[in-house]
Amino acid sequence: MNDLRSILTEQVDRLIGDAGGIALLRQIEAGEWPAELWAGLEAQGLALALVPEAAGGVGLSWGDAAAIWQVLGRHGAPAPIAETMLAGALLASAGIEVPEGPLGLACGSAAVPYGRHVARIVLLEGNTVALHEPGEIRPAGNVGREPRDAVMPGPRIARALLPNEFGPRAGLLGRALIRSAVIAGALERVLALTVDWANTRKQFGRPIGKFQAVQQQLAAMAGEVAAVSVAVGQAARAADAHGLSGAAFEIGCAKVVAGEAATLGAATAHQVFAAIGITEEHELHHFTRRLWSWREEGGTERFWAAEIGRAALSRGGANLWPDLTARDPQGSN
Amino acid sequence: MRFDLPDTPPDSEALRAELRAFLSEAGRNWSPGTRARSWMGFNRGFSRQVGERGWIGMTWPKKYGGHERSSLERIVVLEEMLAVGAPVGAHWIGDRQSGPLILRLGTEEQRLRILPGIARGELAFCIGLSEPDAGSDLAALRTKAERDSNGWVLNGRKIWTTFAHKSDYMIALVRTSPAPEGGSRHAGLSQFLVDLTLPGITIRPIRDLAGEDSFNEVTFDDVKLRPDDLLGQEGAGWAQATSELGFERSGPDRYLSSFPALSTGIDALNAAPQPGAEVTIGRMVARLATLRGMSLSVGGMLERGESPQVEAALVKDAGNLFEQALPEHLRNLLDPGDASPELREMLGVLAQLAPTFSLRGGTREILRGIIARDLGLR
């Protein structure tokens, strides 16, 4: 990780950590808007992080963004900052001035994260992007009890074409990358919580983490956590090299691996925590419920695997390996 | 634990093209069973051809027969060999493990004597670790070398030694002094470079469940070793033998062992399409791409001189899960009547071979124990 990236991620980590932890997640699940955290995120310039410097933004790469989203996930992603960053990038690339405030991404039938709280709606249809005032809102939530609202677009403020590098599925690809990255972070958190618990909880006269049966499960989980992180890193790097549209394969891979890892990670954590882990009082479920929800958002494992599999089948067995290596970054060193 | 994003070597596409042309010619007559055996296929003629191309000992200095190329270029070669299931067994251990160990710890005489032969694809190596009462608990080994006036006398027994019956040398880990009372059992172990043609060595192949001779029992009965058959430092054998594990456990041979069945399976599915197959295939490809990234990441760390032992254990565990699951996924997609004869042959071989994937080079349980220790659980 480069220096700039580690400074950024540390800043974000501190900022969200200071803003309230589990108490904040509970407030969000109760329908409150994380006003203080949002103000801090905006003050750090994160809302415009993916907007090019020429357009008044910070001009971060997808790799930087994914690293920030991973940190966000470690804290349960308690604000729609990732969606706002993505929406800002799309607006700016189409030459539309990025408005202040949280932005809601609306594409297809997908619910809008924090829709009831957003200042503007960014509507994606194919390769057009449009900025709208929010219209009628039907509040809803996911299993993580995060706001996932149906938002009708209100009056249109601007509309433009996206550049080719975003392709006709920029919203889906961006959301898949966001969800993969926040899953990676949330899984890191769940693993740390679970290891800590295994070292604390005593049964049969010793910490349960001293039992090989528990150690073996947590080691397998650590493998999955590492896998998601690598898959997300590869996806973001591909997006930097080829644009979101050109990174569909890597982003799809990341979402497949993230979804599978979320399933195993949440199951393992609950197995090790046992009864205490399923109580309302405990912090674990704020992360595991989000993991279960995030699997479904930005395309499921099944959705992306089908796309990857169809391509592999149509290319034939002899091309499978050459196609994979042909995607390696070239001339980077 | 840390996985930096992998680098790729410059001009690797040119090297890959060269390898693919060579392998398509060399592999014209390989049976599906040979491809499914992959690096468990032992073919000295093929290894000599690979050596002639300069693809063994690639990173070693030229004066030892090497080619002074980067370790990532070497990974390109390994990947391409494994992707087509080339029978690389005769040079695999020498290139991956024994050669690098000799290069790092051997005397100049040992390097000059041994390394050029490995690089030419002529000298085959086996690894003398397991014993009848020392498997995962390797430090329980009892084979011993005792000093005499001319050097060392070796007595004991190694078992499950892959390809010992076809190899020229074994690097054996043996006890050269008793473990100190109440001290670490890792002390007092040393490594020897054992010429398998020496008198007193009996190699008995152990037929495996597939009906093949792949592993062996090797008995040492007063085998006379010269002083310069000692490899590295007397008493430092444990550290020496475990120092190469990052290389041994993170390479593409830890996740690609059954890969040829995936390409063959894709063709079989195109000939006999099955509903929903694309989801299973896509899940496998996504895993494959991710494991490759993880393996290359560790490769990059090794190239920079780091020692990513835990990361390597993790790659091996995750890779073994993948290469074991792959043939089972294909079975779930295609009934035998729908599978091509090629795929049926591969799946037959892999069903019998796959249990070894998570045994060889450190069992799943040992690897997960290493990971658990790093997590702070042990």
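Naming: A, B, ... by sequence-line order, numbering from 1 per chain. No hydrogens, no waters, no symmetry mates; every other heavy atom, side chains included, goes into these values.
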Might you point out which heavy atoms bring [X] and [Y] nearest each other, and give the distance in Å?
X      : Y      : result
B/A286 : A/I308 : CB-CD1, 4.4 Å
B/A372 : A/Q215 : CB-CB, 3.7 Å
B/V279 : A/A306 : CG2-CB, 3.8 Å
A/G223 : B/M294 : O-CE, 4.1 Å
B/I266 : A/G316 : CG2-C, 3.8 Å

Side chain, backbone, both or neither: which part of [X] has an atom under 4.5 Å from a heavy atom of chain B?
X      : result
A/T325 : both
A/P322 : both
A/E307 : neither
A/F303 : neither

For chain A, which of [options] has the most heavy-atom pairs under 4.5 Å?
options                      : value
B/R364, B/M1, B/R20, B/E311  : B/R20
B/L291, B/V285, B/L375       : B/L375
B/M284, B/E278, B/E80, B/E79 : B/E278

> If you measure from CH2 on A/W321 to CG on B/L262, what distance do you get to the nearest 0.5 Å?
Replying inline: 11.0 Å
> Between atom CG of B/L314 and atom CD of A/E224, what is the distance when rounded to the nearest 0.5 Å?
Replying inline: 9.5 Å
Out of [options], which one racks up the most heavy-atom pairs below 4.5 Å with chain B?
options                        : result
A/V230, A/L313, A/V214         : A/L313
A/A198, A/P207, A/A254, A/A312 : A/A312
A/V195, A/N319, A/V257         : A/V257
A/Q212, A/E301, A/E260, A/E250 : A/E260

Any side-chain heavy-atom pair of [X] and [Y] under 4.5 Å:
X      : Y      : answer
A/L218 : B/L377 : yes
A/V256 : B/T290 : no
A/D328 : B/R292 : yes
B/E365 : A/Q216 : yes

Heavy-atom distances under 4.5 Å only: say whether [X] touches chain A with side chain, backbone, both or neither.
X      : result
B/L82  : neither
B/A318 : neither
B/R2   : neither

>> Tell me whether B/R331 at atom CZ has more than 12 heavy atoms from other residues, nucleotides or ligands lying less than 6.0 Å away.
In response: no
>> Can a donor-acceptor pair be found, under 3.5 Å and without considering hydrogens, that links the side chain of B/D317 to the backbone of A/A220?
In response: no
